[in-house]
Amino acid sequence: MTATGNGVLAGKVAVVTGAGQGIGRGVALQLAQQGARVVVSDINAETAAETVAIAHSRGAEAVAIGCDIADSASVEALVDAVAERFGALHILINNAYLGNLPGPLETKAAGDFARALQGSFYAPLAAMQRAFPHMKAQRWGRIINMCSLNGVNAHMYTADYNVSKEALRCLTRSAAREWAAHGITVNAVCPGARTPAYERFAAASPENAAQLLRQNPMGRMGEPEQDIGSIIAFICSDAGGYMTGNTVFLDGGSHINGVSWQPSAG
């Protein structure tokens, strides 16, 4: 990939939520590698600092700013802090989420759905609305909302998560339609990658994890930085300016025929 300073995102300011590990970290590092000044946001200050340290070790520019997506006001404060510090905000990656334990639909309480919707819908909505005036003023913006095959394929035992991610995908398309005239693109990405969350699933349901890999046309889980981050960096570049309202599957082809997702019910 192109070195920092000469990359396709040189001069751009990006914020990635949930960037302390997994896909968020991979995306943040790839955006930084492509020249963006990246704000690494996470509720865990230690893991956020680790992401920043990796970026710095590569000569890329990154800073950490904490955020708790359980509180939409914290998300709004994050966007305000980024705009005040850098004088601009070009790229917003809504990646962080609030996890719930898996379980059959009949056992899911209303509070489970409320928590999922807060993390995967209301928090991204708050960030998008707060970022909009800055992107509109500069007539340039890229928003990526991280969605999920769990919602697209209605996977078992994660109904609350599925609903929240599909709500976010609908929001993505609505924002894409309304904000296109302002030079703002809004896209959803459904990734399949080797992350700490995936590793926990594989440890709890090894037979199902092996089955998933067999059903994946490419026979592997993606790498967060190379397989997910590199495509997101392209979408966020000037070259991605005519692409909006799409759902992009970065999953090795798992979405083509679907996969059998049958984790432990908790």
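The model shown is predicted, which means the values in this text are computed figures rather than measured ones. Side chains are part of it too, since the values below use all heavy atoms of this structure and drop only hydrogens, waters and symmetry mates.
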Do Val15 and Phe86 have side chains that get closer than 4.5 Å, going by heavy atoms? no
Side-chain donor/acceptor of His134 to backbone N/O of Ala88, under 3.5 Å: no
Could you walk me through whether Cys236 and Ile93 satisfy the side chain to side chain contact (heavy atoms under 4.5 Å, CB included) test, starting with their C-alpha distance in whole Å, then the side-chain angles of each, then the deciding distance to 0.1 Å, before giving a yes or no? CA-CA 10 Å; Cys236 291; Ile93 313 294; 4.1 Å; yes
Once you round to the nearest 0.5 Å, how far does OG1 of Thr17 lie from CG of Asp68? 11.5 Å
Calculate, to the nearest 0.5 Å, the distance between atoms CG and CG belonging to Leu117 and Asp112 respectively. 11.0 Å
Heavy atoms only: give me the nearest Val52-Ala62 pair and the separation to one decimal. CG1-O, 3.5 Å
Given Arg115 and Asp160, is the side chain to side chain contact (heavy atoms under 4.5 Å, CB included) satisfied, shown in steps? CA-CA 8 Å; Arg115 176 177 170 82; Asp160 44 349; over 6 Å; no
Quick one: pull up CD1 in Ile144 and CG in Leu31 and give me the separation to the nearest 0.5 Å. 9.0 Å
Main chain of Met146, side chain of Lys165: is a donor-acceptor contact present, judged purely on distance under 3.5 Å? yes
Nearest 0.5 angstrom please: Asn162 CG to Leu149 CG, how far? 10.5 Å
Would you find a donor on one side and an acceptor on the other, under 3.5 Å apart, between the side chain of Asp251 and the backbone of Pro191? no
With a 3.5 Å distance limit and no angle check, can you tell me whether Ser41 reaches the backbone of Ile65 through a side-chain donor-acceptor pair? yes
Passes side chain to side chain contact (heavy atoms under 4.5 Å, CB included), Thr51 versus Leu29? Steps please. CA-CA 7 Å; Thr51 302; Leu29 292 175; 4.2 Å; yes
Exceeds 12 heavy-atom contacts within 6.0 angstrom, atom OH of Tyr161: yes
Ignoring hydrogens and geometry, is there a side-chain-to-backbone donor-acceptor pair from Thr244 to Val186 under 3.5 Å? yes
Aromatic plane relationship, Phe249 with His255 - under 30° parallel, 30 to 60° tilted, over 60° perpendicular: parallel
What are the two closest heavy atoms between Ala19 and Asp42, and how far apart are they? N-OD2, 3.5 Å
Minimal non-hydrogen separation, Arg142 against Gly240, with atom names: NH2-C, 4.2 Å
Might you point out which heavy atoms bring Gly18 and Asn95 nearest each other, and give the distance in Å? O-ND2, 3.1 Å
Would you say that Asp238 contacts Trp140 through its side chain, given a criterion of any heavy-atom pair below 4.5 Å between the two side chains? yes
Tell me whether Tyr122 at atom OH has more than 12 heavy atoms from other residues, nucleotides or ligands lying less than 6.0 Å away. no
For the pair Arg85 (side chain) and Asp80 (backbone), establish whether a donor and an acceptor sit closer than 3.5 Å, ignoring hydrogens and angles. no
Is the backbone of His155 close enough, under 3.5 Å, to the side chain of Asn153 for a donor and an acceptor to pair up by distance? no
Flag for Ser72-Gln118: side-chain donor and acceptor within less than 3.5 Å: yes
Please check: side-chain N/O of Gln30 versus main-chain N/O of Asp227, any donor-acceptor pairing under 3.5 Å? no
Rounded at 0.5 Å granularity, tell me how far OG in Ser120 sits from CG in Leu168. 7.0 Å
Give a yes or no on whether Val16 and Val82 share a hydrophobic cluster (residues Ile, Leu, Val, Met, Phe, Trp, Tyr; joining criterion: side-chain heavy atoms under 4.5 Å apart). no
Apply side chain to side chain contact (heavy atoms under 4.5 Å, CB included) to Leu92 and Met128, showing your working. CA-CA 8 Å; Leu92 171 64; Met128 291 166 64; 4.1 Å; yes
As an exercise, state the distance from CD of Glu166 to CG of Leu171, rounded to the nearest 0.5 Å. 12.5 Å
